Protein chains: 2
Amino acid sequence: MKTKNNNLITLEEFKEKNYGKRGTKQRDELEAGYENFKIGVLLHEARLEKGLTQEELASKTGTTKSYISKIENNIKEARISTLQKIVELGLGGKLELSIKL
Amino acid sequence: MKTKNNNLITLEEFKEKNYGKRGTKQRDELEAGYENFKIGVLLHEARLEKGLTQEELASKTGTTKSYISKIENNIKEARISTLQKIVELGLGGKLELSIKL
DNA sequence: AATATGGTTTCTCTAAAGGACAACAATTAT
DNA sequence: ATAATTGTTGTCCTTTAGAGAAACCATATT
């Protein structure tokens, strides 16, 4: 039996790693949804929920795990169309975008 | 008195022009929210609500009206960060993004 | 007819970013 | 210890965003 979620870090660990502990400015802004888009967190979260590795997600989408990693860590800003592809083909989900006035 | 909304085409006209009349495949997909993001429509709609011209929106954002036009017509795919800038600085709104699983 | 306004389209150009590949680090299992 | 799995990071090449300016079209106004 193939063990899943072996080395998958938790969302909390991920957030702390990238944005610091709760209580710090950056982290609070993230939780509140302010600041720049942290699409990486969204994607990371969604991937965890599906129990997929970066590699699995990548292969489903025709991209690479390194690229997935960079998106999740906000090192690269993926195109909307690319995000869409990843979310739909890779996660079977839907990317939603709206403008609040 | 400066007349506003002179030559602003309506959203319906805009959609019909770019995606065809209601009942056509492409247009129906648009209305249903499927297919690629029609972020252009969202932006166009938001701009109309604010009663701004492309030029006004452009100058507030430090970009050009030709660029705004291209985004609205899905000729260029704006970066998320750029969209954010336009929505926040230009329209005083907020760009929202989410992943639905 | 001419002028003004709003929008579309075409062109050129360059700095920036997308995205792939491979090597690397870190954790866990054997 | 070592091998396997997951994720990160450095390098590299190619594509494109986005600026800038211009011409063009449509509609409305004088």
Side-chain angles (χ1 to χ4, degrees), chain A residues 1-19 36-37 39-41 43-48 50-86 89-90, chain B residues 1-19 36-37 39-41 43-87 89-90:
Chain A
M1 170 190 170
K2 214 178 150 207
T3 50
K4 267 292 173 72
N5 280 30
N6 278 340
N7 304 339
L8 295 181
I9 68 176
T10 67
L11 183 58
E12 180 57 32
E13 290 168 335
F14 180 83
K15 285 181 180 175
E16 187 166 318
K17 174 169 171 292
N18 282 305
Y19 305 103
N36 288 337
F37 267 138
I39 183 64
V41 174
L43 182 60
H44 182 81
E45 194 169 12
R47 181 171 64 80
L48 285 190
K50 288 285 181 183
L52 295 174
T53 66
Q54 289 180 343
E55 190 153 36
E56 287 169 332
L57 181 55
S59 73
K60 281 187 171 189
T61 323
T63 181
T64 60
K65 60 176 182 169
S66 68
Y67 188 50
I68 300 287
S69 173
K70 283 173 190 166
I71 296 174
E72 290 189 2
N73 291 286
N74 294 299
I75 294 171
K76 296 267 183 176
E77 182 183 357
R79 291 214 182 89
I80 296 175
S81 54
T82 306
L83 275 178
Q84 205 177 210
K85 210 172 59 179
I86 293 173
L89 300 182
Chain B
M1 169 190 169
K2 215 178 151 207
T3 49
K4 271 288 173 76
N5 281 28
N6 277 341
N7 303 339
L8 295 182
I9 69 176
T10 67
L11 182 58
E12 180 58 32
E13 289 168 336
F14 180 81
K15 286 181 180 176
E16 186 166 320
K17 175 169 169 294
N18 282 305
Y19 307 101
N36 286 339
F37 266 137
I39 185 64
V41 174
L43 183 61
H44 183 82
E45 194 168 15
R47 182 171 63 79
L48 285 189
E49 264 180 54
K50 288 285 180 182
L52 295 174
T53 66
Q54 289 180 340
E55 192 152 34
E56 287 168 332
L57 181 56
S59 73
K60 281 188 172 190
T61 321
T63 182
T64 59
K65 64 173 183 171
S66 67
Y67 186 52
I68 299 289
S69 173
K70 283 172 198 165
I71 295 175
E72 290 189 2
N73 292 285
N74 294 297
I75 293 171
K76 295 256 185 180
E77 182 183 357
R79 290 207 188 94
I80 295 176
S81 54
T82 305
L83 276 178
Q84 207 176 208
K85 207 172 63 179
I86 293 174
V87 170
L89 299 182

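Remember, it's a predicted structure, so these values are computed and weren't measured experimentally. Throughout, a chain's letter reflects where its sequence line sits, starting with A, and its residues are numbered from 1.
- Atom NZ of residue A:Lys76 and atom CG of residue A:Asn74 lie 13.0 Å apart, to the nearest 0.5 angstrom.
- Here the OG1 atom belonging to A:Thr63 is positioned 11.5 Å from the CG atom belonging to A:Leu89, to the nearest 0.5 angstrom.
- Not counting sequence neighbours, the partners of A:Thr64 by the side-chain hydrogen bond (donor to acceptor under 3.5 Å, both in side chains) test are A:Ser66.
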(request) Might you work through the side chain to side chain contact (heavy atoms under 4.5 Å, CB included) test for B:Tyr67 and B:Thr82, ending with a clear yes or no? (result) CA-CA 11 Å; B:Tyr67 186 52; B:Thr82 305; 4.2 Å; yes

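- Summarising the geometry, the separation between CD on B:Glu72 and P on C:dT8 is reported as 6 Å, rounded to the nearest angstrom.
- Interatomic distance, NZ of B:Lys65 versus OG of B:Ser69, reported as 9.0 Å (0.5 Å rounding).
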(request) Go ahead and write out DNA chain D as dot-bracket, 5' to 3': ( ) for pairs within the strand, [ ] for ones crossing earlier pairs, | when the partner sits on another strand, dots for unpaired; Watson-Crick or G-U wobble, both distances under 3.5 Å. (result) ||||||||||||||||||||||||||||||

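- One interatomic measurement links the two molecules: CG of A:Asn74 to P of D:dT9, which rounds to 12 Å at whole-angstrom precision.
- Side chains of A:Glu72 and A:Arg47 form a contact here, defined as non-hydrogen atoms less than 4.5 Å apart.
- The separation between B:Lys65 atom NZ and D:dC24 atom P is 14 Å, rounded to whole Å.
- One atom, CD of B:Glu55, and another, P of C:dT9, lie 17 Å apart when rounded to the nearest Å.
- Listed pair B:Arg47 / C:dG7 meets the phosphate criterion, a side-chain N or O lying under 4.0 Å from OP1 or OP2.
- A:Asn73 has a side-chain polar atom (N or O) that falls below the 4.0 Å cut-off from OP1 or OP2 of D:dT8.
- Atom CD of A:Gln54 and atom P of C:dA20 are 14 Å apart (whole Å).
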(request) Would you mind building the protein contact string for nucleotides 11-21 of chain D? One character per nucleotide, 5' to 3', B for base within reach (heavy atoms under 4.0 Å), S for sugar-phosphate only, - for untouched. (result) B----SBBSBB

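- How far NZ of A:Lys85 is from CG of A:Leu83: 10.5 Å, rounded to the nearest 0.5 Å.
- B:Glu77 places no side-chain N or O within donor-acceptor distance of the main-chain N or O of A:Arg79, the cut-off being under 3.5 Å.
- The distance from atom OG1 of A:Thr61 to atom CD1 of A:Ile68, rounded to the nearest 0.5 Å, is 5.5 Å.
- Taking atom CG of A:Leu52 as the reference point, atom C1' of D:dG7 lies 15 Å away to the nearest angstrom.
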